[in-house]
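See structure below.
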Amino acid sequence: MEPWEEDGPEVVKRFMYVNRKAPYGTIYALECLEVVLIAAAFDQDVSVVFADDGVFQIKKNQDTTAIGMKNFSNTYRALDDYDVEKIYVEQESLDARGLTADDLIIPVEVLNAESLSEIMAQQDVVISS
Amino acid sequence: MEPWEEDGPEVVKRFMYVNRKAPYGTIYALECLEVVLIAAAFDQDVSVVFADDGVFQIKKNQDTTAIGMKNFSNTYRALDDYDVEKIYVEQESLDARGLTADDLIIPVEVLNAESLSEIMAQQDVVISS
Amino acid sequence: MTTMLHLVNKSPFERNNLDSCLRLAKSGSAVLLLEDGVFAAMNNAAYADAVKGRMGDLKFYVLGPDVSARGLDDTPLIDGINVVDYGGFVDLVAEHDVAQSWL
Amino acid sequence: MTTMLHLVNKSPFERNNLDSCLRLAKSGSAVLLLEDGVFAAMNNAAYADAVKGRMGDLKFYVLGPDVSARGLDDTPLIDGINVVDYGGFVDLVAEHDVAQSWL
Amino acid sequence: MKIGILVNEGPFTHQASDSAYRFAEAAIAKGHEVARVFFYNDGVNNSNKLSEPQSDDRNLVALWAALGKEHGIDLVVCIAAALRRGIKEEVLKDGFRISGLGQLVEAGIENDRLVVFGD
Amino acid sequence: MKIGILVNEGPFTHQASDSAYRFAEAAIAKGHEVARVFFYNDGVNNSNKLSEPQSDDRNLVALWAALGKEHGIDLVVCIAAALRRGIKEEVLKDGFRISGLGQLVEAGIENDRLVVFGD
């Protein structure tokens with residue numbers, strides 16, 4: 001029996017939220033962030049991944065004035081206040097886009113694909129959007 | 001002044017409908033076909049293009065029984081009855097998918113990218129979905 | 001270590017979902033191709049080599065109902081890819097600890 | 001022969017829209033990158049070479065509001081791509097005989 | 001110049017409706033005529049008057065309706081696409097009307113340009 | 001086994017809702033328990049009772065409601081996603097309920113598996 005199959009408040013599962021889409025072009029980035037902020041209240045083990053175009057979600061200097069949409073990039077800074085501290089970015093995704101960790105609005109752990117795949121394989125629930 | 005800027009019933013524009021998406025995975029194939037069937041009644045010059053995954057829209061032997069969706073592939077055969085006779089398929093798209101004109105449910109004109117781009121550049125209205 | 005089932009529902013010709021899945025799926029995982037993802041199972045298509053390159057360390061499955069819907073019952077699939085129906089999809093989900101959708 | 005404006009609104013990293021546009025756009029056409037399509041204008045990104053390869057015979061434009069929204073005002077764009085706003089987008093549509101969206 | 005617009009996606013999920021709206025505004029500001037916007041595919045959802053975004057977010061249904069009213073734009077929702085998706089008169093925002101696909105073809109015929117926004 | 005389902009797209013435009021429905025049916029037929037289906041993003045549109053597909057097409061709203069009723073599935077529509085998109089009690093199909101995102105996290109905690117269907 002796995003630990004999370006026991007009843008009781010001590011059940012802790014590892015939840016991973018995987019972001020592969022750019023912000024603004026679609027709403028998935030924003031609505032996934034809304035899930036993560038709620039999830040943080042559940043005392044589970046939460047991690048957030050940014051890979052592929054998902055890395056643009058936390059690109060610095062977003063200015064949405066001229067497209068008339070809400071700039072929600074600062075909300076990622078709140079993840080730390082919500083005790084969401086496991087934030088992973090795939091190195092290969094940054095490289096392909098000519099970006100580095102310095103371009104990102106929050107401190108993250110940059111991992112290569114192989115290391116990231118190890119962490120993905122340790123999750124209990126993976127939610128992607 | 002271009003010919004279609006004159007008033008009167010003799011105004012004929014060249015309309016091209018470009019299909020780049022596979023059927024069933026999304027509704028765009030079906031809803032584009034619905035437009036083409038309506039458009040045929042307007043006495044305009046209508047052409048239909050299948051490129052990229054759009055070529056799967058007219059793949060033979062579609063059987064949707066097990067996915068519970070309506071198989072609309074036979075409706076493409078009606079294009080001829082509606083006098084929609086300019087049906088183009090891009091050679092490169094077939095090749096990449098290991099398909100040939102024999103795999104298609106209707107007779108089409110297979111063109112390479114260069115020839116297709118010439119025809120695209122002669123249209124007045126291009127509608128893609 | 002948990003065992004993982006990766007779900008890929010997009011065409012490899014149109015999007016990068018399968019590329020990312022193949023880059024990040026650990027050896028020993030399973031991959032189920034469904035919806036427009038089934039095009040990755042076509043043996044004579046340009047994408048086949050990418051799948052064949054991982055046949056040694058990943059197990060590949062394809063959803064039969066989506067294969068049939070797209071008219072591919074007459075088209076050769078890559079050798080060694082197992083065709084399953086929705087019941088088989090359910091079994092795969094049950095047999096692996098986690099299902100990850102590559103959206 | 002009409003003059004064409006091609007609109008590409010999808011990321012070249014995620015989808016094949018720009019690939020298809022570049023394959024099928026006739027020499028002398030214009031291409032406007034908008035929404036997630038603006039990523040194709042990044043000079044230091046892996047996709048830049050595909051765009052640079054057509055700079056000689058296509059004119060490229062990128063929608064500034066979408067560049068700014070995605071935080072790319074601090075990121076080098078490919079030399080020779082013109083940045084326009086929505087008014088410039090309208091002008092491009094008016095100046096070319098046909099606008100073709102690569103959806 | 002007369003410019004027609006086709007919107008193929010609903011509000012919020014894709015940027016298509018936002019882009020189309022900004023484009024329409026700019027076209028009008030430049031002195032062009034936007035006589036008709038046709039809403040197809042999930043684009044029909046742009047006419048749902050029940051839409052209630054957060055107070056600090058843009059309300060695309062209201063924006064389209066207001067732009068249409070101010071500039072006399074014919075905002076047409078495709079009936080076939082709308083029926084499937086549950087957009088009917090009872091939820092239709094004032095200023096939109098439900099009609100057939102022929103209105104899209106007409107927009108292609110009668111306008112100097114037709115610009116398509118989608119996914 | 002207890003299996004939760006997340007549906008991120010509306011009916012018709014993407015196959016996600018169809019695939020999720022066929023999967024849910026098959027899971028139940030195999031003796032598994034599908035206690036909750038959570039509808040997020042455009043998935044909230046699966047609960048719009050005004051949806052009226054052509055008579056020879058499947059009606060996903062009705063199919064979900066019937067499956068839910070027959071097997072006691074909790075069909076939960078995300079309130080934040082629904083408000084934006086104009087899905088409210090007045091158009092909500094019987095058998096669905098509107099609630100918060102916490103219900104999705106709960107589904108992840110309480111089920112042995114969570115399967116996501118989207119675009």
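Treat the numbers as computed from the prediction; the structure is a model and nothing was measured. Chain A is the first sequence line, chain B the second, and so forth, proteins listed ahead of strands; every chain is numbered from 1.
- In this structure, chain E has a heavy atom under 4.5 Å from the side chain of B:Gln44, while its backbone stays farther away.
- When B:Thr26, B:Val125, B:Val35 are compared by the number of non-hydrogen pairs under 4.5 Å with chain E, B:Val35 comes out ahead.
- Counting only distance, with no hydrogens or angles, the side chain of E:Tyr40 and the backbone of B:Glu31 share a donor-acceptor pair below 3.5 Å.
- Note that CG of E:Leu114 and NZ of B:Lys13 are 8.5 Å apart. Values are rounded to the nearest 0.5 Å.
- Heavy atoms of other residues, nucleotides or ligands lying less than 6.0 angstrom from CG of B:Asp81 number more than 12.
- Here the CZ-CG distance, from B:Phe15 to E:Leu104, works out to 8.0 Å after rounding to the nearest 0.5 Å.
- In the displayed structure, B:Glu114 atom CD is contacted under 6.0 Å by at most 12 heavy atoms of other residues, nucleotides or ligands.
- Applying the 6.0 Å contact sphere to CG of B:Asp43 captures no more than 12 heavy atoms from other residues, nucleotides or ligands.
- Looking at every heavy atom in both residues, B:Ser129 comes nearest to E:Asn8 through CB-ND2, 4.3 Å.
- Contact annotation for E:Leu6: only side-chain heavy atoms (C-beta onward) come within less than 4.5 Å of a heavy atom of chain B.
- Here the shortest heavy-atom pairing between E:Arg84 and B:Leu30 reads NH2-CD2, 4.0 Å.
- Looking at E:Glu9, only its side chain comes within 4.5 Å of chain B, counting heavy atoms on both sides.
- Closest heavy-atom contact between E:Val105 and B:Ile38: CG2-CG2, 4.4 Å.
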